[in-house]
Each structure stands twice: as C-alpha cells, then as structure tokens.
2 protein chains.
Amino acid sequence: MKKIKVHIADDHKILIDGIIAVLSSEENIEVVGYSLTGKDVLNWFASNEADILILDINMPKVDGIGVLQNFLEQGFQQKVIVLSSYDETKLIKEVLKIGANGFLAKKCAGENIVEAINAVYNGKQYFSKSIQEKLLSTFTKQLTKSDLPSQDGSFFSSLTPREIEVLRLIAKQYNSKEISKLLHISVNTVETHRKNLISKLNVKNVVGLAIYAVKNNIV
Amino acid sequence: MKKIKVHIADDHKILIDGIIAVLSSEENIEVVGYSLTGKDVLNWFASNEADILILDINMPKVDGIGVLQNFLEQGFQQKVIVLSSYDETKLIKEVLKIGANGFLAKKCAGENIVEAINAVYNGKQYFSKSIQEKLLSTFTKQLTKSDLPSQDGSFFSSLTPREIEVLRLIAKQYNSKEISKLLHISVNTVETHRKNLISKLNVKNVVGLAIYAVKNNIV
DNA sequence: TTATTTTTAACGGTTTTCAGTGATGTAAAA
DNA sequence: TTTTACATCACTGAAAACCGTTAAAAATAA
C-alpha cells in the first residue's frame with residue numbers, strides 16, 4: 001500500500017513532534033520531513049519528495065503568505081494544508097485565493113489533521129469546523145453589509161522586503177525618527193512606508209501593524 | 001508502578017492531542033485531563049487529581065500570568081510546567097517569581113516535555129535549552145548593564161479588569177476617543193489607563209501594548 | 001530597452017499619543 | 001480605622017502619528 005508522504009513546516013518543534021506522534025498511528029500516512037522555517041520548506045522540496053505540505057502560516061521572519069506564494073509559484077505540485085493559530089477571515093480568503101487546498105485552525109482536534117490529509121490527497125478541499133463557520137458567517141454578512149469592500153481592490157498583496165524591514169522595527173516599538181536613523185533614510189520615507197503598510201494590510205493604525213507583525217512572527 | 005498524572009492546558013487542541021500522542025509511549029506518564037481555557041484549569045483541579053499541570057501561558061481572554069497566579073494562590077500543590085510560544089526574559093522571570101517549576105518554549109522538541117515531567121515530578125526544576133540560554137544571557141548582562149532596573153520596582157504586576165478591558169480595545173485598533181465612547185467614560189480616563197498599562201507592562205508605546213495583547217491572547 | 005516595481009523623499013495640515021502632575025470617590029484589606 | 005488599590009477625571013505641552021498627494025531615482029522584470 002502506498003503511503004501518503006507528508007512534510008510539516010512549523011516553527012514550534014513541539015507541535016511538529018506532536019503531529020508526528022498523532023500521525024504515527026495512521027497506516028497510510030508517513031511523515032517524511034519537517035521544516036522549522038519558511039525558507040527551509042522551499043529548500044527541502046527542491047530536493048525531496050512529498051505529497052502534502054502542512055504549512056504553519058505564522059512562521060518567523062518572512063511574511064507567511066509569502067512562503068505559500070513562493071511555494072506555489074515555483075511550480076510545486078504538492079497539495080498544501082495551511083495551519084494557523086488565527087482564524088481570521090482576511091487570512092483564510094487570501095490563503096484560498098493563492099491556492100491552498102485545506103485550512104486547519106490550531107484549536108481543532110488532532111484527528112482533523114488525519115481527515116484533512118486524506119481529503120486533500122484525494123483531491124478534495126478541507127476546512128476545520130471553526131473555519132467553515134467563519135466562511136459561512138462572512139458569506140451571510142456579505143449578503144447584508146457588503147463585507148469589507150477592501151477600498152482599493154487589492155489589499156494584502158505581499159509586502160516588499162523594505163516594508164517588512166520597517167514593519168519589524170515598528171513592531172520593536174521604534175518610532176519613525178528612530179527607524180529613519182537605524183536605516184539611514186529620511187523620516188519622510190519611513191512615514192511613507194508606514195502609510196503604505198497601513199493601506200496594504202488594511203489596518204487602521206500602528207496597532208494594526210504591530211498585531212499583523214506578531215501574528216506573522218515578523219518580530 | 002505509579003504513573004505520573006498530567007493535566008494539559010492549552011487553547012490549541014491540536015497541540016494537546018500532539019502532546020498526548022507523544023506521552024502515550026511513556027510507561028510512567030498518564031494524561032488524565034486537559035483544558036482549553038484558563039478558567040477550565042481551575043475548575044478541573046477543584047474536583048480532579050493530577051500531579052503536574054502543563055500550562056500554556058498564552059491563553060485566550062485572561063492574562064496568562066493571572067491563571068498561574070490564581071492556581072498557586074488557591075493552594076494547589078501540584079507542580080506546574082509553563083509552556084510558551086515566546087521566550088521573553090520578562091515573562092520567564094515573572095513566571096519563576098510566581099512559582100512555576102519548569103518552563104518550556106514551544107519551539108523545543110517533544111522529548112523535552114518527557115524530561116521536564118520527570119524532572120519536575122522529582123522535585124527538580126526544568127528549563128528548555130533556549131530558556132536556559134536566555135536566562136544565562138540575562139545574567140551576564142546584569143553584570144554589566146544592570147538589566148532592566150524596572151523603574152518603579154514592581155513592573156508586570158498583573159492588570160486590573162478595567163485595564164485588560166481597555167487593552168483589549170486598544171488591540172482592536174480603537175483610539176482613546178473611541179474607547180471612551182464604547183466604555184462611557186472620559187477620554188482622560190482612557191488615557192490614564194493607557195499610561196498605566198504602558199508603565200505596568202514596561203513597554204514604550206501602543207505598539208508594545210498591542211504586542212503584549214496578542215502574545216497573551218487578549219484579543 | 002521599455003515597463004513596472006520599489007525605494008526614496010517632500011509638504012502641509014489635523015489628530016492622537018504621551019509624559020507629568022494632581023485630584024476625588026469608593027471599596028476592600030490590614 | 002487607616003491604608004491600599006482601583007476607577008474615575010482634568011490640564012498642559014511636546015512629540016508622534018496620520019492623511020492626502022506628488023514625484024524622482026533606482027532596481028527589476030518583461
């Protein structure tokens with residue numbers, strides 16, 4: 001019997017070990033590798049084989065969405081199940097738009113991951129219960145309140161390296177003047193980056209930026 | 001042979017299931033229960049028995065430190081191993097001051113949890129490697145730079161309910177004026193709370209508050 | 001080599017934050 | 001009963017954030 005080969009990417013080794021332990025009792029699933037950073041994922045798949053990638057979207061250093069984007073853009077054909085601590089509508093939508101095959105909130109039960117792997121391997125999509133609920137409620141809201149008109153059309157497009165750099169410094173509680181000195185650029189430039197970040201990420205203020213940064217481990 | 005009874009508290013069910021799976025191969029350890037919220041922990045221990053509590057410090061709604069504090073204040077004699085996504089010096093110090101027996105960063109390997117349980121059960125303290133490194137570097141810094149004089153003496157004392165309320169709204173990107181309307185209090189009061197939060201949590205500005213809020217799931 | 005994206009920069013004006021200081025009522029704890 | 005902690009409110013001034021708009025280099029991609 002052919003086993004489904006799975007690769008797990010998450011910055012929490014303890015969670016990886018946990019998932020491996022959960023999957024070890026499954027006859028038809030085999031964990032063939034794991035990565036602790038987004039970068040490692042791409043490297044691993046460049047020289048190894050797996051059927052499914054389980055990807056934690058909240059990984060350090062890089063914009064989590066970016067990893068997923070790169071992975072799919074580089075032509076990898078493997079199915080992707082996204083794991084996330086946060087079940088935010090925006091995030092779910094974006095992930096689906098980019099092309100993930102499944103979405104699991106971390107608060108879901110371990111057995112769901114088995115279901116997800118089997119479903120996705122067989123060409124289906126899989127969403128954990130809380131995600132399904134989110135999507136449904138979004139859908140119903142859409143009927144009434146035209147959920148998040150998204151102002152400019154394309155929010156959430158991934159950030160430029162410089163923007164991520166500025167964002168990281170913002171999240172370290174530096175103000176614009178301090179950031180300008182650290183990066184040797186004008187305060188105006190920093191403020192421009194800041195404004196662009198706020199509009200790109202569709203948040204209201206620095207607080208929104210800080211929260212995005214933490215949730216995406218850009219710290 | 002008497003088994004070590006363990007209770008796990010974490011808001012990520014998938015992690016709990018993972019840890020259970022990891023521990024299932026251990027002859028002398030038995031997971032006798034789990035909680036998904038801080039509140040449940042206290043309730044569970046009021047009517048059940050366990051030797052060790054594995055507590056995720058980043059749990060929803062309540063100030064994670066608060067749960068630990070309540071647990072120990074209510075006279076529970078069980079050993080506590082704290083799990084955390086973030087290995088911040090401040091947090092580690094506070095947790096140890098309150099009286100936890102072990103501290104594991106989530107990025108550590110699954111086997112560490114077994115070591116931690118055994119060590120703590122036998123009256124020892126246990127810290128995962130990254131935590132040990134943090135503590136060491138803090139210690140060496142102390143010799144040179146008098147690490148965090150903490151200004152007023154007692155930073156990080158846990159927050160009042162009202163402060164947590166304000167903090168939650170700040171983390172939702174409301175500004176002071178909006179919060180004052182939501183809570184039907186004066187802007188000045190909100191600003192006072194905000195200032196107290198900043199000094200209590202020893203952060204620099206709203207960004208620090210937002211980050212604290214996310215890391216403690218006060219969202 | 002164009003075309004596009006990214007990074008850089010500026011200006012003027014409004015709003016908000018933040019630090020400092022001080023004050024009052026209330027409720028619980030010592 | 002007297003602290004102590006909590007929530008409430010006020011005023012000031014400087015600093016920072018925020019908004020809108022514009023636009024030129026520089027780097028990259030088509």
Side-chain angles (χ1 to χ4, degrees), chain A residues 62-63 66 69-70 73-75 151-213, chain B residues 63 65-66 69-70 73 151-213:
Chain A
V62 249
D63 176 17
Q69 232 159 10
N70 285 339
E73 274 168 10
Q74 287 186 21
Q151 279 111 344
D152 60 328
S154 77
F155 68 90
F156 224 101
S157 61
S158 60
L159 309 176
T160 69
R162 197 54 156 180
E163 284 167 344
I164 293 182
E165 207 170 354
V166 171
L167 180 54
R168 183 169 51 248
L169 293 173
I170 289 175
K172 281 189 178 170
Q173 303 181 53
Y174 292 112
N175 64 33
S176 296
K177 202 197 286 179
E178 291 166 335
I179 294 174
S180 79
K181 280 177 189 162
L182 285 169
L183 299 182
H184 306 290
I185 55 180
S186 138
V187 183
N188 300 307
T189 307
V190 177
E191 303 249 283
T192 301
H193 285 311
R194 180 195 284 262
K195 275 183 283 191
N196 291 337
L197 282 165
I198 289 179
S199 91
K200 268 194 183 181
L201 299 177
N202 209 240
V203 296
K204 219 183 131 186
N205 50 34
V206 252
V207 171
L209 293 183
I211 289 173
Y212 176 89
Chain B
D63 176 17
I65 300 281
Q69 232 159 11
N70 285 338
E73 273 168 11
Q151 279 111 346
D152 59 329
S154 77
F155 71 92
F156 225 100
S157 60
S158 58
L159 309 177
T160 69
R162 197 53 155 181
E163 283 167 344
I164 293 181
E165 208 170 353
V166 171
L167 180 55
R168 186 169 49 247
L169 293 172
I170 289 175
K172 282 189 177 169
Q173 304 181 51
Y174 294 112
N175 64 31
S176 297
K177 202 199 283 182
E178 292 166 334
I179 294 174
S180 80
K181 280 177 188 162
L182 286 168
L183 299 182
H184 307 290
I185 55 179
S186 141
V187 183
N188 300 303
T189 308
V190 177
E191 303 247 285
T192 301
H193 285 311
R194 178 195 283 263
K195 275 181 285 189
N196 290 337
L197 282 165
I198 289 178
S199 91
K200 268 194 183 182
L201 299 177
N202 211 239
V203 295
K204 219 181 131 185
N205 50 34
V206 250
V207 171
L209 293 183
I211 290 172
Y212 176 88

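Here the structure is a predicted model, which is why all the values come from computation and not from measurement. Here is the naming used below: chain letters follow the sequence lines, and residue numbers restart at 1 for every chain.
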From CA spacing to verdict: salt bridge (charged side-chain N to carboxylate O under 4.0 Å, His left out), A:E165, A:R162:
CA-CA 5 Å; A:E165 207 170 354; A:R162 197 54 156 180; 3.1 Å; yes
Measure [atom1]/[X] against [atom2]/[N] and give the value in whole Å, please.
| X | N | atom1 | atom2 | result |
| --- | --- | --- | --- | --- |
| A:K204 | D:dA17 | NZ | P | 17 Å |
| A:L167 | D:dA17 | CG | P | 14 Å |
| B:L197 | D:dA5 | CG | C1' | 15 Å |
| B:I179 | D:dA7 | CD1 | P | 15 Å |
| B:I185 | D:dT8 | CD1 | P | 5 Å |
| A:N196 | D:dC19 | CG | P | 12 Å |
| A:I170 | D:dA16 | CD1 | P | 14 Å |
| B:E191 | D:dA16 | CD | P | 16 Å |

Spell out, as yes or no, whether a donor-acceptor pair under 3.5 Å connects the side chain of B:T192 to the backbone of B:N188.
yes
Does B:N205 or B:H184 map to a spot on DNA chain D nearer the 5' end, using the closest nucleotide for each?
B:H184
Side chain of A:K195 only, please: which of D:dC9, D:dA17, D:dT21 is the nearest?
D:dT21
B:T160 side-chain proximity, nearest of D:dC18, D:dA7, D:dT21
D:dA7
Of B:V203 and A:T189, the one whose closest nucleotide on DNA chain C sits nearer the 5' end is A:T189
How is [X] classified with respect to the nucleic acid when contacts are heavy atoms under 4.0 Å: base, sugar-phosphate, or nothing?
| X | value |
| --- | --- |
| A:K177 | sugar-phosphate |
| A:N188 | base |
| A:T192 | base |
| B:V206 | sugar-phosphate |

Any A:L183 side-chain heavy atom under 4.5 Å of A:L169 side chain:
yes
Quantify the bending of the helix from C:dT1-D:dA30 to C:dA30-D:dT1 as the angle between its end axes, each fitted on five pairs, to 10°.
60°
Nearest heavy atoms of [X] and [Y], plus distance in Å:
| X | Y | answer |
| --- | --- | --- |
| B:N196 | B:E163 | CB-OE2, 3.8 Å |
| A:N205 | A:I198 | CA-CD1, 4.1 Å |
| A:A210 | B:V207 | CB-CG1, 3.7 Å |
| B:Q173 | A:G208 | CD-CA, 3.5 Å |

Considering only NZ, NE, NH1 and NH2 on the basic side and carboxylate oxygens on the acidic side, decide whether B:E178 and A:K204 come within less than 4.0 Å.
yes
Does anyone know the first and last nucleotide of DNA chain C in reach of chain A, 5' to 3', at under 4.0 angstrom to a heavy atom?
C:dT6 to C:dA10
Using a cut-off of less than 4.0 Å, is there contact between a side-chain N or O of B:H193 and OP1 or OP2 of D:dT8?
yes
If I take atom CD1 from residue B:I170 and atom CD1 from residue B:I179, how far apart are they, to the nearest 0.5 angstrom?
5.0 Å
As an exercise, state the distance from CG of A:N202 to CG of A:L197, rounded to the nearest 0.5 Å.
12.5 Å
